[in-house]
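Structure, as structure tokens:
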Amino acid sequence: MLNGLRRRLPLLGLTLAVLLALPLAAACGGDDDDTTGGDRPGADTAGEPAGYAEPDLLAETDWLAGKLGDPSLVIVDIRKKEAYEAGHIPGAVWYDQAALKDPDEKLYVIRESLFAEKAGALGIDTSKEVVIYDDGTGLWATRLWWVLDYYGHPKARVVNGGWAKWEKEGRPVTKEVPNPTPAKFVAKPNPDVICALDYVKEKATNPDPNVVILDARTQAEYTGADVRAARGGHIPNAVNLDWQASLTDTDPKVWKPADQLRAQFAKVGITKDTQVITYCQTGVRAAHSLFTLRLVGLGKGNKVYDGSWAEWGNSKETPVQQ
């Protein structure tokens, strides 16, 4: 299925040399830089934002603290390896950020057989709930959440505030590395949450009032002032809403209340009935925006354009606006 998708991803003039020159570490100019209500599971009943459509996508730190040692959970740390080794949430296993993209086709999501192997080695199967955290913004955690979702895992959460909030609250920390029991993870790709260049190109060149192409990059990248590919600018007819606008300004950063998020998305034309295609530089910030849309119940049939600007901006045959 995934190989079939890749066959439909025309590289349109990209040479192998260009592909190999797109390291994941140069990801979305922010893709690899995690610096810059009600009584419900996973939520603090005192002062937590209410009104999320799918609140269980988030794990609040107090909820997670009460679940430590629960064998039905797999806690995944997706920070840098040295950060994990310096101290992590008890019981957390480590997942390499670089293993979110395929080692042989670096523009695209890790292939299903390799992801199944890596997820299984961490003890993840469909019976386990996966709780993911990163340094604090949810940037890398939501990318892993999206990969799990794409490959059919039914239940994963992102820690709201991540490590920054956990550490600030003085919660338990360990350097002990767990030895998980391997599990069998069966990857079942879901084509409904991903799209390829040709699909985006059709929507960009034949605008549909029911489809919004959402650029999750900075305004400077969107306008072409900050160029991170052969060409700068944005996909024609795309709207811009920086992924960081979904988070509070104060530290530790957490997701804004649902009403604020819905208002921001409404300003760029997104409703609950709009299909949204999210993109950034390499699909990491795009996954964060897609996660947020699902959190507040906006959009219908939303997809991540996984090749994102690293593919589009380096092609000689795709139209660009500035």
(message) Just checking F291 against W145, ring centres under 6.0 Å apart?
(response) yes

(request) Give a yes or no answer on whether the side chain of D149 reaches the backbone of V147 with a donor-acceptor pair at less than 3.5 Å. (result) no

(request) Taking the side chain as every heavy atom from C-beta outward, state whether L214 and L241 have any atom pair closer than 4.5 Å. (result) yes

(request) Please determine which of D96, L100, V158 meets the side chain to side chain contact (heavy atoms under 4.5 Å, CB included) test together with I78. (result) L100

(request) Return yes if some donor-acceptor pair links the side-chain N/O of H153 with the main-chain N/O of K128 below 3.5 Å, else return no. (result) yes

(message) Taking E60's backbone N and O only, do any of them form a donor-acceptor pair with N160's side chain (distance below 3.5 Å, no angle check)?
(response) no

(request) Please answer: with hydrophobic residues joined when any side-chain heavy atoms are less than 4.5 Å apart, are I132 and Y84 in the same cluster? (result) no

(request) Identify the heavy atoms of P180 and A121 that sit nearest to each other, and give their distance. (result) CG-O, 3.6 Å

(message) Using ring centroids (six-membered ring only for Trp), state whether W255 and H288 fall under 6.0 Å.
(response) yes

(message) Does D273 have more than 12 heavy atoms from other residues, nucleotides or ligands lying within 6.0 Å of its CG?
(response) yes

(request) Measure the OG1-NZ distance between T248 and K253 for me, rounded to the nearest 0.5 Å. (result) 6.0 Å

(request) Answer yes if the side chains of Q275 and K203 hold a donor-acceptor pair under 3.5 Å, and no otherwise. (result) no

(request) In plain terms, say whether K155 and D56 are close enough for a salt bridge, that is, a side-chain N and a carboxylate O under 4.0 Å apart. (result) no

(request) Mark yes or no for whether Y52, through its side chain, and L57, through its backbone, hold a donor-acceptor pair below 3.5 Å. (result) no

(message) Could you report the tightest heavy-atom contact between A59 and R157, atom names first, then the distance?
(response) CB-CD, 3.8 Å

(request) Would you indicate whether the side-chain heavy atoms of L197 and Y305 approach each other to under 4.5 Å? (result) yes

(request) Check for a donor-acceptor pair, side chain of N240 on one end and backbone N or O of R217 on the other, with a separation under 3.5 Å. (result) yes

(message) So R111 and P103, do their side chains get closer than 4.5 Å, heavy atoms only?
(response) yes

(request) Decide side-chain contact (heavy atoms from CB on, under 4.5 Å) for W166 and V159; before the verdict, give the C-alpha distance in whole Å, the side-chain angles of both, and the deciding distance to 0.1 Å. (result) CA-CA 9 Å; W166 185 271; V159 178; 5.6 Å; no

(request) State, yes or no, whether a side-chain contact exists between D135 and W140 at a heavy-atom distance under 4.5 Å. (result) no

(request) Apply the side chain to side chain contact (heavy atoms under 4.5 Å, CB included) test between T61 and each candidate in E167, K165, K168; give the one that qualifies. (result) K165

(request) Measure the acute angle between the ring planes of W163 and Y133, then classify it against the limits of 30° and 60° as parallel, tilted or perpendicular. (result) parallel

(message) We want to know whether T292 and S289 form a side-chain donor-acceptor pair, criterion being a heavy-atom distance below 3.5 angstrom.
(response) no

(message) Quick check on Q322: does its CD atom have over 12 non-hydrogen neighbours (other residues, nucleotides or ligands) under 6.0 Å away?
(response) yes

(request) Say whether, by atom type as modelled, one donor and one acceptor occur between the side chain of E311 and the main chain of L107 under 3.5 angstrom. (result) no

(message) Looking at every non-hydrogen atom in both residues, tell me the closest pair between G283 and S308 and how far apart they are.
(response) N-OG, 3.5 Å

(request) Mark yes or no for whether W309, through its side chain, and G233, through its backbone, hold a donor-acceptor pair below 3.5 Å. (result) no

(message) For the backbone of V296 and the side chain of R262, can you confirm whether one donor and one acceptor N or O come within less than 3.5 Å of each other?
(response) yes

(message) Under a 4.0 Å threshold between the charged nitrogen and the carboxylate oxygen, would D125 count as salt-bridged to K184?
(response) no

(request) Drop me the distance from D215's CG to E221's CD, to the nearest 0.5 angstrom. (result) 7.5 Å

(request) Flag the pair R143 and D306 as a salt bridge only when some basic side-chain nitrogen lies within less than 4.0 angstrom of an acidic carboxylate oxygen. (result) yes

(message) Hydrophobic clusters here meaning ILVMFWY residues chained together by side-chain heavy-atom distances under 4.5 Å, can you tell me if V76 and L114 are in one?
(response) yes

(request) List the steps, then state whether side-chain contact (heavy atoms from CB on, under 4.5 Å) holds for T174 with H88. (result) CA-CA 5 Å; T174 186; H88 51 266; 3.7 Å; yes

(message) If hydrophobic clusters are built from ILVMFWY residues whose side chains come within less than 4.5 Å, do Y151 and V186 share one?
(response) no

(message) Pair W63, V131 - check side-chain contact (heavy atoms from CB on, under 4.5 Å), show working.
(response) CA-CA 11 Å; W63 174 86; V131 180; 4.1 Å; yes

(request) Starting at CZ of R294, measure out to OG1 of T142 and round the result to the nearest 0.5 Å. (result) 12.0 Å

(request) Determine whether I270 and L247 fall in the same hydrophobic cluster, where Ile, Leu, Val, Met, Phe, Trp and Tyr are linked whenever their side-chain heavy atoms lie under 4.5 Å apart. (result) yes

(request) Ignoring hydrogens and angles, tell me if any N or O in the side chain of T274 forms a donor-acceptor pair with the backbone of T271 under 3.5 Å. (result) yes

(request) Output the distance between atom CG (L293) and atom NZ (K300), rounded to the nearest 0.5 Å. (result) 14.5 Å

(message) Working note: I75 + L68, criterion side-chain contact (heavy atoms from CB on, under 4.5 Å); need CA distance, chi angles, decisive distance, verdict.
(response) CA-CA 9 Å; I75 304 171; L68 296 181; 3.8 Å; yes

(request) Treat each ILVMFWY residue as a node, draw an edge where side-chain heavy atoms are under 4.5 Å apart, and state whether W94 and L122 are in one component. (result) no

(request) Classify the side-chain pair Y95/D77 by whether it contains a donor and acceptor separated by less than 3.5 Å. (result) no

(request) Please tell me if the side chains of V284 and L139 come closer than 4.5 Å, counting only heavy atoms from C-beta onward. (result) yes

(message) When you compare the side chain of E129 with that of S72, does any pair of heavy atoms fall below 4.5 Å?
(response) no

(message) Tell me if a side-chain donor or acceptor on K106 pairs with a main-chain N or O of D102 at a distance below 3.5 Å.
(response) no

(message) Please determine whether a side-chain nitrogen of the Lys or Arg among R171 and E169 lies less than 4.0 Å from a carboxylate oxygen of the Asp or Glu.
(response) yes

(message) Any heavy-atom pair between the side chains of I277 and V211 that's under 4.5 Å?
(response) yes

(message) Ignoring hydrogens, what is the shortest heavy-atom contact between K175 and A86? Give both atom names and the distance.
(response) CE-O, 3.3 Å

(message) How long is the straight-line distance from CG of L290 back to CG of L295, given to the nearest 0.5 Å?
(response) 11.5 Å

(message) Between T318 and R231, is there a side-chain donor-acceptor contact under 3.5 Å, judged purely by atom types and distance?
(response) yes

(request) Enter the distance from R228:CZ to N314:CG here, rounded to the nearest 0.5 Å. (result) 13.5 Å

(request) Locate the shortest heavy-atom distance separating V320 from G232; write the atom from each residue and the value. (result) CG1-O, 3.2 Å

(message) Is the shortest side-chain heavy-atom distance between V109 and V304 below 4.5 Å?
(response) no

(message) Which heavy atom of A187 sits nearest to which heavy atom of A116, and what is that distance?
(response) CB-CB, 4.3 Å

